[in-house]
Amino acid sequence: SEQTIADGLQQALTKGVEIQVTKLTRKNGFYNNPLVKIGLPKELAEIESTLRNLGLNNLADEGIKALNTTAQKAVNEATPIFISAIQQMTFEDSKAILLGDNTAATTYLKEKTQDELFAKFEPVIQDNFEKVGADNIWETLIEKYNQVPFTENVNTDLTDYVTSQALKGVFKMIEVEEIDIRTNINERSTQLLRQVFALQD
């Protein structure tokens, strides 16, 4: 029935969101996950390379870890926004997702939540740069780099970059979960999920 399909999709999405958002908000949830670990933007890659060449590996690693920690803190804001979008799904949305490709649900969530998530993540990331000491670490990194002869001085704001990367990471992990539920019968942990996703098999 229409209600069964809608309920099944909502249950699957809620399960996926809760599992993956929880993983990302754990300690080093971004930093230890190669699928979503945040590296430096291209324009700063030279800083990392230069510092490592100078034997400052620990400082470079600290800087990257700090970026990932700020993203981890921000993702706490994601679940209620996702749940709201899931609850607003119509039957037409559910039907299109069920019969769509393996990432149709993730695409739906992106369309419905991306702008709101960015607006929520950005101030949290800005705030946490200070709380986790990322601002001091990056000031030190850039100061060290700017002291190296024959390099161009840099001074960059990383808030927008980390916000965008945090969003990409969240959607990446929801996509992973969606593909798993669609393709792995063992991931369909309730009767309702088994019943609804049998329709796409």
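Being a predicted model, the structure only gives us computed values, none of them experimental.
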### Task
Determine, stepwise, if the pair M89 / K112 fulfils side-chain contact (heavy atoms from CB on, under 4.5 Å).
CA-CA 10 Å; M89 280 170 55; K112 297 293 183 182; over 6 Å; no

### Message
Set out, in order, the CA-CA distance, both residues' side-chain angles and the distance that settles side-chain contact (heavy atoms from CB on, under 4.5 Å) for F30 and T69, then state yes or no.
### Response
CA-CA 7 Å; F30 274 81; T69 302; over 6 Å; no

Which atom pair, heavy atoms only, marks the closest approach of [X] to [Y]?
{"X": "A105", "Y": "L13", "result": "CB-CD2, 3.5 Å"}
{"X": "L24", "Y": "G169", "result": "CD1-O, 4.0 Å"}
{"X": "F118", "Y": "S164", "result": "CE1-OG, 3.6 Å"}
{"X": "V21", "Y": "A78", "result": "CG2-CB, 4.4 Å"}

### Task
Pick out which of L99, D93, L98, I97 makes a side chain to side chain contact (heavy atoms under 4.5 Å, CB included) with K95.
L99

### Query
T106 and side chain to side chain donor-acceptor pair (under 3.5 Å): which partner among E178, E111, E175?
E178

### Task
Identify which one of Q20, K172, K23 satisfies the side chain to side chain donor-acceptor pair (under 3.5 Å) criterion when paired with E177.
Q20

Could you measure the distance from the [atom1] atom of [X] to the [atom2] atom of [Y]? Nearest 0.5 Å is fine.
{"X": "T22", "Y": "N76", "atom1": "OG1", "atom2": "CG", "result": "9.0 Å"}
{"X": "D115", "Y": "I81", "atom1": "CG", "atom2": "CD1", "result": "11.0 Å"}
{"X": "E18", "Y": "I174", "atom1": "CD", "atom2": "CD1", "result": "11.0 Å"}
{"X": "E116", "Y": "F82", "atom1": "CD", "atom2": "CZ", "result": "10.0 Å"}
{"X": "T159", "Y": "L67", "atom1": "OG1", "atom2": "CG", "result": "10.0 Å"}

### Query
Within the side chain of S84, is there an N or O that forms a donor-acceptor pair under 3.5 Å with the backbone of P80?
no

Is there a side-chain contact between [X] and [Y], using heavy atoms and a 4.5 Å cut-off?
{"X": "I64", "Y": "I38", "value": "no"}
{"X": "N32", "Y": "K27", "value": "no"}
{"X": "T103", "Y": "F171", "value": "no"}

### Task
Identify whether NZ of Lys or CZ of Arg in K37 sits under 6.0 Å from the centre of the six-membered ring of Y31 and within 45° of that ring's axis.
yes

### Message
Please evaluate residues I86 and L109 with respect to the criterion side-chain contact (heavy atoms from CB on, under 4.5 Å), reporting the C-alpha separation (whole Å), side-chain torsions for both, the decisive distance (0.1 Å), and the verdict.
### Response
CA-CA 8 Å; I86 291 165; L109 285 178; 4.0 Å; yes

### Message
I'd like to know whether Q72 forms a side-chain contact (heavy atoms from CB on, under 4.5 Å) with N68, so could you lay out the CA-CA distance, the side-chain angles of the two residues, the decisive distance to 0.1 Å, and finally the verdict.
### Response
CA-CA 6 Å; Q72 169 196 315; N68 283 273; over 6 Å; no

